Each structure stands twice: as structure tokens, then as C-alpha cells.
Amino acid sequence: MSTADLVLVGPELVLTIAAVVVLLQDAWATGGVLEPQTPRPAAVWGSLAAVGLALVWDVGGRRWGPAFGGMYVRDQFTMIADLAALAAAGLGILLSSAYLPRVRLPAGEYHALLLLATVGAMVMAASGSLITLFLGLEILSFSLYVLAAIARRSRRSLEAGLKYLLLGAFATAFFAYGIALIFGATGSIDLREIGAARPSRLLGAGIALLTVGLAFEGALVPFHAWAPDVYEGAPLPVTAFMSVVAKVGAFAGLLRVFPLALAHLAGVWGPMLAAIAVVTMILGNLAALFQTNLKRLLAYSGIAHAGYLMIGVAAGGPAGTWSVLFYLLVYVAMNLGAFGVLLLLARQGMEADRVEDLAGLSGRAPWAAAALVLFLVSLAGLPLTAGFIAKLYLFRAALGAHQPVPALVGVLTSVVSVYYYLRVASAALSGGAPQAVAVLRNRLVGAALVLATAGVLWLGLFPAGFTAAVQQAARQAAAAVR
Amino acid sequence: MAVLFGGVACLALAGGVGVIASRRPVHSVLALLLVLGSLAVDYLLLDAQFIAVLQLIIYAGAIVVLFVFVIMLLHARSGEVARVPAVLPPAAAIPVCAVFGLMLLVVLTGAAIAPAAVGPAFGTVQEVGRALFSRFLLPFEAASIVLLIGMIGAVVLGKRLPPSPPDAGRPAEGPGEGRSKRRVELR
């Protein structure tokens, strides 16, 4: 280890130290009270400062290279994925600032776990070997298990945490067994050496098991069964953060393994991953049609979006890689934005998580309603929004890789998705406001909504800058492993 | 050597079946102990003494003892012996068996894998220590973050809450109760 290695892992280091400091400061200030009744601005601003510092270090550092003997790789690919993870963390902290004191969730632990989950996703994006990928996955999912159960007075939250933990442990076992088989087949856990190894059936079996672990985290069919229940039971800001950060980690990991390390075997895994993408898109979108609970609806919509992202992974090559990176950035902004509007509402001591709770929002909070419509239109992938451009890139990558079926299914299911997104949007734009639902005003949540709106509009109207950045990242990462 | 390996492997398999087939949790734990002990002998056969000792200390020692404590405490509270169904429902068992059967087939029919040679110092204390603090330094540190999260989780989820919300007049918010309308006070 040298100082250069430490500089390269700087962003992760900053977040880890900040997590410990926030945790200790909060314990010191409250004396370890689990249900604080006052807001904890120190935890909020401390975590935000850490995320900001990590962001500056990540984007402004511009120092690339492997560290810790190739276990860790910082390149432009890592930078873009970290950008998505850090954006998710920053927006997640802003969005939860009003919810935590209201529901009396422990602020120190919440922020520490949120920062550590972000570290997990970033380690996955930067992994140069399977063991780093595995530990990143564990850091990410352990934090999310605890966060899902953190509202201890709610039975549903505890159930969500337990369900997630048990099924996640099962997926972890598959992942670890996959690493063992790959090591048996190639004699290495280094992604570059695995990429250079001769293909064998043992390697194939190992890769298949590895895919199970990552597909679980990304909520891809048939490993998606946990998602609706966990999303519904977890506290709303946790659901919002979890829905994006787990996808960033899982898809950064999938990209590191498939299009980057195993590029020469694309003919083998391409069709299989494309099949997963097709099934995921169909099931996610069709199931979302019948949901009346907004959290469940967004859970199935999250599954559907995992399917779209998988199109890019299956297409492989630089085009597939950069279109997935671009989609991740867009997805963070639009999904967290949609959840952010829900966080502005409260229904008599409960989260306002039914579609009818949104009724008449345009009359009471016109800006929030307009932002919600923008996020939903972007999630549906209608033109002039970032969601449209991002989907276009993915479908073009699939056609470029001669995989017309996923692209076709993607277009058709997007049409289906317009129905359920616009059903929510029309609920917000019409009808009388229900008495029971209150609209909260909070500056930090408002700031998060403004940032998310700006992200969706910027990426939708002026995508050229980010497109060039992700294209360069994909080219650099592909060249490094060859 | 081969005879010893065969015997130990059979013991491990028998233990594995015992873990999932016994109806009493204590029997499952004891069967798990058998699996872990036989694996330790396997490591010895591979000349990895240090790993064998770690296997005994950590898994057979610490973790199995933890399991036994948990079972004991749960029984002490509920006052009855829990009986768990010995077999999975077929809906879960068939796909799992199918997947592993397929994998076993693939591995067995595939090309034989040449055994890889390891250095003479493989699995010794020096070698493990050197690997841990040089090549595997980052994973070693990352594993400490995983443990930290486990500790935070244990405290935040396990610490006793006050019996009712601090000010019961104001309804506590949080995730809704979903489809089931039950509201249960958690102690």
C-alpha cells in the first residue's frame, strides 16, 4: 500500500470516516436515544458535507489507475458510477431530513448506514477482483437490510427487513459459491485474469451463480420476489434510496463482469442476459398495471427499469456499457424525484402511499405536482425528457448488437408503462384534495426536488456533455481490460 | 490419503443431510458441527494447517456455540421444543434441486480440471498473514466495514424501545400497515 493507493480510494474513505463520525457525534449528543424527538441537523449537514467532499474528490480528482494490487480500479467508469451513487446519497439525505424527526427514527444510525451503503455501491463499481465485488455487495446489502427494518414500531418495516435479510443471505450464498467455482476454473479471482482464461463449463456455472447474486440485488426476474414487499414495508425515504443505490451497485457490478471482463464470451452470455431482460420488462410492467399502492407500483416500475438496464448489459460492448451508465444517472434523478414528491405528503400518521392520496395535488402544491408529472413522464420514457434519451440509447445499443427482441419488447412495454404512470399523474392533476392528506413544506426536500428536476431536464435537453463523458468512460474501461 | 478423504467427505455429506433433515434444531446444530469438523480435516489433508485450526476455532468453536446459545435462550423463553418441518415445500425444493443437479452434471461431464500446484508454505500462518496484509489489504479493511454495519444493525434493531411512543397523544408516523390492518404494539 502506498499514499497513491489511499488517494485513489479517497471518496470511499471520506464517506466511511464520515459515517463513523456522524454515528459517534449523534450518540454523544443524544446519549444513545433511539427515538429522538428533535431534528438532528448535525447528522444531516455532516453527511451532506461528506457526500459533497467525496463528489469533488471523485469528479475533480482525475487520477486513474489500479490500487491495492489491482483489487480496486479507479477509472472514468468508476467516476460515473460513483457520481450516480453519490447523487443518490445526497438526494436521499435531503429527502429524509423531514421524515426522520417526524417518525422519530434514529438519525445517527440512519445517516451512517446510508453513507456506508453508498460506499458499498462505490466499491462494487471500482472492483477489479471478485472479492472486492463481493465485499462491496455485502456492505451495500447489509446496510440496506438494517435500513429497511429501522422503523421498529412498524410491523411492516420489521417484516421487510427480515424478508430482505433472509432472501439476501440466500443470494449471497449463490454469489460466494459462484466465486469458488470461478476460482476453481481459472485459478484467479482477478477480473482481468478471469477474462483472459479459457472458457470452460465450470467457468460458465460459476458465472451463472454470480449472476444470481447480482440479479437479486438489481431485482431482476426471477430474483425479484423480495422487491415489492420490502419496498412497501420499508420507511419511505429508505425505499427511495434503496430503489436507486442497489441498482447502481448491481449494474456497475454486472457491467464489470460481463461487458468488460468477459467481452470475448459475449456470444454465450448475451442471449441469456437478453432473455432475463425481456422477462423482467414484461413482468415488471404488467404487474405495475394492477397496483393501487404507490410504493408497490414504484417497486414494480423499479423491476421494469432493471429490465431496461439489462438490455444494455446484454448488448455488451462499449455502446451497451455507456448506455447503462447514462441510464443509471437518469434513473437516480427521476426515481428519487418521484419518491420525493410522495415524501411531501402525509396521511394521518401514515405515509401517503395510495394513488388516491395524490388527488388534487395540483391545486394545493402546483410546483410539486408539476415536478411529479415531469418525473413520471420521464420514467415512462416520453420524448423531451431524460428518460426518453436514456431508453433510446439502450435500444440503439441492443440493435447495434443484433438483439432486436429486447429492443422491441422494451418499446412495447414502455407503451404499457405510459398507462400506469399517467394514471398516477392524472390522479395528481384532478379531483378534490382528500381531507386526511396534509402537504408538508420543507426546504431540504424542496431543494432535493429542484436538484432532481434540474437533473432530469438537463440530461433530457442537453445530453451531449454527459453522453460524451460516459462514452469515454466505457471506451477507457474496455481498453484497460484488453 | 484418498481413503481418509473419502471417509471425511462422506461424514461431511452425512452432516449436511443431517442439518436439513433433523426435526430438532439442536440436532441440526450438532450435524453442522460434524460438517465443519470434517471440513477442517479436509484442510489438513490439503496441508493447510492454519486454515484448519481457524476453521475449528471460528466455525466449530464460536459460531456453533452461538447457535446453541440462541436455541437454548429461545427455548428457555418459549418453554417448548420447536419442531420445524423436515422438508421444504416441493415448489421450493424442486427448482433448487434441479439447478444444482444441472450444475453437478455440467461439472462432472466437463473436462477434468488439472489440480493446481500451491507453494510449500500454502496455508501457513506466515503465508496467510502476508497475503492478508499485502494483496488482500483492501478486502480485509472492507470486511471490517461489513462487521461495523452488523454491529450498528444489532444495536439499532436490538436495543429495547420504551414501551410506548414518548408522547402517545401524537400518532407515530411511519410505513402503513399495508393490506393487513392489524396494529401490534411491539415491546
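Because the structure is predicted, anything quoted here is derived from the model rather than measured. Every chain is numbered from 1 and lettered A, B, ... according to where its sequence line falls, protein lines coming before strand lines.
- Legend: residues meeting ring pair (Phe, Tyr, Trp, His ring centres under 6.0 Å) with Tyr231(A), ordered by chain and number and at least two apart, are absent.
- Using a 4.5 Å cut-off between heavy atoms, Leu236(A) does not touch chain B at all.
- The CG atom of Asp190(A) lies 7.0 Å from the CZ atom of Arg135(B); values are rounded to the nearest 0.5 Å.
- Taking every heavy atom of both residues into account, Ala149(A) and Leu157(B) meet most closely at O-CD2, 3.5 Å.
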Side chain to side chain contact (heavy atoms under 4.5 Å, CB included), that's the test. Do Ile152(B) and Leu116(A) meet it? Break it down for me. CA-CA 11 Å; Ile152(B) 298 174; Leu116(A) 290 176; 4.3 Å; yes

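- Heavy-atom distances place no part of Leu105(A) under 4.5 Å from chain B, backbone and side chain included.
- The distance from the OG1 atom of Thr16(A) to the CG atom of Leu148(B) is 9.0 Å, given to the nearest 0.5 Å.
- Residues Val146(B) and Glu138(A) come closest through the heavy atom pair CG2-CB, 4.1 Å.
- Closest heavy-atom contact between Lys159(B) and Arg152(A): O-NH1, 2.5 Å.
- The number of heavy-atom neighbours closer than 6.0 Å to CZ of Phe50(B), taken from other residues, nucleotides and ligands shown, is above 12.
- The structure places CE of Met71(A) at 13.0 Å from CD of Glu141(B), a figure rounded to the nearest 0.5 Å.
- For Leu165(A), no part lies under 4.5 angstrom from a heavy atom of chain B.
- Both the backbone and the side chain of Ser143(A) come within contact range of chain B, with heavy atoms under 4.5 Å apart.
- Smallest separation of non-hydrogen atoms from Val156(B) and Pro106(A): CG2-CG, 3.6 Å.
- For Ala160(A), no part sits under 4.5 Å from any heavy atom of chain B, backbone or side chain.
- Heavy atoms of Leu23(A) lying under 4.5 Å from chain B belong exclusively to its side chain.
- Only the side chain of Val20(A) comes within contact range of chain B, with heavy atoms under 4.5 Å apart.
- Here Leu113(A) is the residue among Thr132(A), Leu113(A), Val119(A) with the most heavy-atom pairs under 4.5 Å with chain B.
- Put simply, CD1 on Ile145(B) and CZ on Phe142(A) are 13.0 Å apart, with the number rounded to the nearest 0.5 Å.
- Residue Ile131(A) touches chain B through its side chain alone, counting heavy-atom pairs closer than 4.5 Å.
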